[in-house]
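Note: hydrogens, waters and symmetry copies are ignored here, and every other heavy atom, side chains too, is used. Note that the numbering runs from 1 along the sequence shown for the chain. These numbers come from a predicted model, not from an experiment.
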Amino acid sequence: MPILNAFYAQSGGVTSVINASACGVIETARKHPDRIGNVYAGRNGIIGALTEELIDTGAEPAEAIAALRSTPSGAFGSCRYKLKSLEKNRREYERLIEVFKAHGIGYFFYNGGGDSADTCFKVSQLSQSLGYPLQAIHVPKTIDNDLPLTDCCPGFGSVAKYVAVSTLEASFDVRSMAATSTKVFVLEVMGRHAGWIAAAGGLVADHGIPVVVLFPEIEFDKARFLARVDELVKQHGYCSVVVSEGCHYPDGTFLAEQGTRDAFGHAQLGGAAPVVAQMVKEALGHKFHWAVADYLQRAARHIASATDVRQAYELGQRAVELALEGRNAVMPTIERTSDAPYTYRIGSAPLDAVANVEKPMPRDFISDDGWGITDKCRRYLLPLIEGEDYPAYRNGLPVYATLRNVAVPRKLPAFELA
């Protein structure tokens, strides 16, 4: 078998454990020098491949690569850049193949969400049509937890842990001040069409916290919501609200819609928390505080879930193994085999069944009244937030890795992005 180089890239919003997947890919590739030569990373994701800005991960010592496992964000840079269809922009896909050919790349590992799975699948199709041997493996990553055919997605467990802990701690704060001050706390979390992250906030009910969760899967009814908040405040003296950024009215309008679009064509969201808090103020007169978790929730490596870190690494590892087994256009997956004790195995799924498919929260994960989570949802969530995998600390702060990211010399003419 010839020795081929590999290309790895990170795509979309980063997470606290995406670098653990990178670590899994690179460390596993280094164990097979008879099959895999250099591992090149794309500087700023797929853009790095298009512009031939490749990073030589071989220039990094083993200890630097190992440190990625406990480092948040994207070590090589990510991007929100969606390649159009093959029919609309074939030149970009052909450019990818040109770059791969020029650098002897036969393995393509793309670490991202649903849009990235689509890109990975299209690249695999084009390489076949052009007769260039390339094995394209998608490494799953998304805090939204909405990829199909996998029990969970790396990045989600740690965000869920952060949201559950933050909701619990803030609720204790509100409870202590409610007699003379704030009675309602609102936390806005990510989740465009799926309420997985918001559901994690519902876990605080097990600690006696009165909480209302607003899911994208449940149409927002202002009157019902205000009645529920009023009921809880009268009963407990306070309550917390966890609202998904994707919460929307019956006509589909997001509470937080800004009227703009991101690079993937998605409506840009942000601002559901102040909208909800102001509703409470105007209707019920309660003093409130609100917060938007935003980047904090997905960057919080200091409180990452040990389960999440382990699975992120294992899926990166398995992606390389799948490539070495001759697989193409697939994604390694998590297959849960038991809730308690929590056990799972690593499987795989074809990319044509993954790309552009969103997995919403099952309705039986949401309570009948629509304001909380069910026991079935608890059994699903709790293993994913289990365990702590703290980074090393120095002078009171976490020690995170910054790679040198040495550039690979270019071999092709410059390329202008569309």
### Task
Start with the C-alpha distance between Q10 and N19, add both sets of side-chain angles, then the distance that settles side-chain hydrogen bond (donor to acceptor under 3.5 Å, both in side chains), and finish with yes or no.
CA-CA 9 Å; Q10 298 172 326; N19 284 336; 3.1 Å; yes

### Message
Around atom CE of M177, are there more than 12 heavy atoms from other residues, nucleotides or ligands closer than 6.0 Å?
### Response
no

### Query
At their closest point, which heavy atom of S348 faces which heavy atom of T333, and how far apart are they?
N-OG1, 3.2 Å

### Query
If we ignore angles and hydrogens, is there a donor and acceptor under 3.5 Å between the side chains of Y344 and E314?
yes

### Query
Is the backbone N or O of I65 less than 3.5 Å from a side-chain atom of E27, with the two atoms forming a donor-acceptor pair by type?
no

### Test: R379 and D375 ion pair at under 4.0 Å
no

### Message
Please check: side-chain N/O of S244 versus main-chain N/O of A198, any donor-acceptor pairing under 3.5 Å?
### Response
no

### Min side-chain heavy-atom separation V357-L147 under 4.5 Å
no

### Task
Look only at the side chain of Q135 and the backbone of R327, and say whether a donor-acceptor pair between them is shorter than 3.5 Å.
yes

### Task
Would you check if the side chain of S21 reaches a backbone N or O of A312 as a donor-acceptor pair within less than 3.5 Å?
yes

## Note on the structure
Quick note, side-chain hydrogen bond (donor to acceptor under 3.5 Å, both in side chains) partners involving residues 196-206, not counting sequence neighbours, are D206-R378

### Query
Is there a donor-acceptor contact under 3.5 Å from the side chain of E188 to the main chain of A273?
yes

### Message
Please check: side-chain N/O of H138 versus main-chain N/O of G113, any donor-acceptor pairing under 3.5 Å?
### Response
yes

### Task
Find out whether Q297 and I197 are in side-chain contact, i.e. whether some heavy atom of one side chain is under 4.5 Å from a heavy atom of the other.
yes

### Query
Within 45° of the axis and under 6.0 Å from the centre of the six-membered ring of F225, does NZ or CZ of R228 qualify?
no

### Message
Tell me whether R301 forms a cation-pi arrangement with Y400, defined as NZ or CZ under 6.0 Å from the six-membered ring centre and within 45 degrees of its axis.
### Response
no

### Message
Assess, by modelled atom type and distance only, whether the side chains of E217 and H193 contain a donor and an acceptor separated by less than 3.5 Å.
### Response
no

### Query
Is any side-chain heavy atom of N5 less than 4.5 Å from a side-chain heavy atom of F7?
no

### Query
Nearest heavy-atom pair of C247 and L214: which atoms, and what distance?
SG-CB, 3.9 Å

### Query
Any side-chain heavy atom of S305 sitting closer than 4.5 Å to one from Q311?
no

### Task
Identify the two heavy atoms, one from G74 and one from V14, that lie closest to each other, and give their separation to 0.1 Å.
N-CG1, 3.6 Å

### Query
For residues Y249 and D251, is any side-chain donor paired with an opposing acceptor at under 3.5 Å?
no

### Query
So do the side chains of Y238 and H286 get within less than 4.5 Å of each other, counting heavy atoms only?
no

### Task
Check whether the side chains of E92 and Y81 place a donor and an acceptor atom closer than 3.5 Å, and report yes or no.
yes

### Task
Compare every heavy atom of A20 with every heavy atom of V309, then report the nearest pair and how far apart it is.
O-CB, 4.1 Å

### More than 12 heavy atoms of other groups within 6.0 Å of D369 CG
yes

### Task
Please step through side-chain contact (heavy atoms from CB on, under 4.5 Å) for the pair L315 and I346, ending with a clear verdict.
CA-CA 8 Å; L315 290 174; I346 306 296; 4.0 Å; yes

### Query
Between the side chain of K122 and the main-chain N/O of Y93, is any donor-acceptor distance below 3.5 Å?
no

#### Entry: CA sep, side-chain torsions, deciding dist, call: L226, E282, side-chain contact (heavy atoms from CB on, under 4.5 Å)
CA-CA 10 Å; L226 291 171; E282 291 176 355; over 6 Å; no

#### Entry: Approximate separation, where rounding is to 0.5 Å, of F185 CZ and L187 CG
5.0 Å

### Side-chain touch M190/V159, heavy atoms, less than 4.5 angstrom
no

### Query
Does the side-chain contact (heavy atoms from CB on, under 4.5 Å) test come out yes or no for F365 and K376, once each step is laid out?
CA-CA 6 Å; F365 275 29; K376 185 175 182 179; 3.5 Å; yes

### Query
Is the number of heavy atoms from other residues, nucleotides or ligands under 6.0 Å of E94 CD greater than 12?
yes

#### Entry: Euclidean distance, L68 CG relative to S73 OG, rounded to 0.5 Å
11.0 Å

### Query
Is there a side-chain contact between F108 and F100, using heavy atoms and a 4.5 Å cut-off?
yes

### Query
Could you give all pairs that pass the side-chain hydrogen bond (donor to acceptor under 3.5 Å, both in side chains) test and reach residues 146-155, with sequence neighbours left out?
D151-R336

### Message
Check the orientation of H103 and Y40. Use parallel for under 30°, tilted for 30 to 60°, and perpendicular for over 60°.
### Response
perpendicular

### Task
Verify, without hydrogens or angle tests, whether K141 (side chain) and V17 (backbone) share a donor-acceptor contact under 3.5 angstrom.
no

### Message
Parallel, tilted or perpendicular, judged at 30° and 60°: which one describes the rings of F109 and Y107?
### Response
parallel

### Task
Please identify each residue that fulfils salt bridge (charged side-chain N to carboxylate O under 4.0 Å, His left out) with D173, with sequence neighbours left out.
none

### Query
Between the main-chain N or O of A401 and the side-chain N or O of T71, is there a donor-acceptor pair closer than 3.5 Å?
yes

### Task
Of all the heavy-atom pairs spanning S78 and G12, show the shortest one and how long it is.
OG-O, 2.7 Å

### Query
Would a 4.5 Å heavy-atom cut-off, applied to side chains only, mark L126 and L134 as touching?
no

#### Entry: R298 CZ to D144 CG distance, which is reported to the nearest 0.5 Å
10.0 Å

#### Entry: Heavy-atom pair with the smallest gap, counting every atom of V229 and C239
CG1-SG, 3.9 Å

### Task
Answer yes or no: is there an ion pair linking R318 with E321, defined by an N-O contact shorter than 4.0 Å?
yes

### Message
Set out, in order, the CA-CA distance, both residues' side-chain angles and the distance that settles side-chain hydrogen bond (donor to acceptor under 3.5 Å, both in side chains) for T343 and T337, then state yes or no.
### Response
CA-CA 5 Å; T343 58; T337 53; 2.6 Å; yes

### Message
Working to the nearest 0.5 angstrom, can you tell me the gap between Y8 OH and I55 CD1?
### Response
11.0 Å

### Message
Please report the interatomic distance SG(C120) to CG(N328), rounded to the nearest 0.5 Å.
### Response
8.0 Å

### Message
What I want to check is whether the side chains of S240 and S171 have a donor and an acceptor closer together than 3.5 Å.
### Response
yes

### Query
Can we say R192 and E358 salt-bridge, meaning some charged N sits less than 4.0 Å from an Asp/Glu carboxylate O?
no

### Task
Could you tell me whether the side chain of T182 and the main chain of V184 form a donor-acceptor pair under 3.5 Å?
no

### Nearest-0.5 Å distance, CG of residue L203 to SG of residue C377
7.0 Å

### Message
Please evaluate residues Y393 and H302 with respect to the criterion side-chain contact (heavy atoms from CB on, under 4.5 Å), reporting the C-alpha separation (whole Å), side-chain torsions for both, the decisive distance (0.1 Å), and the verdict.
### Response
CA-CA 10 Å; Y393 277 75; H302 67 284; 3.4 Å; yes

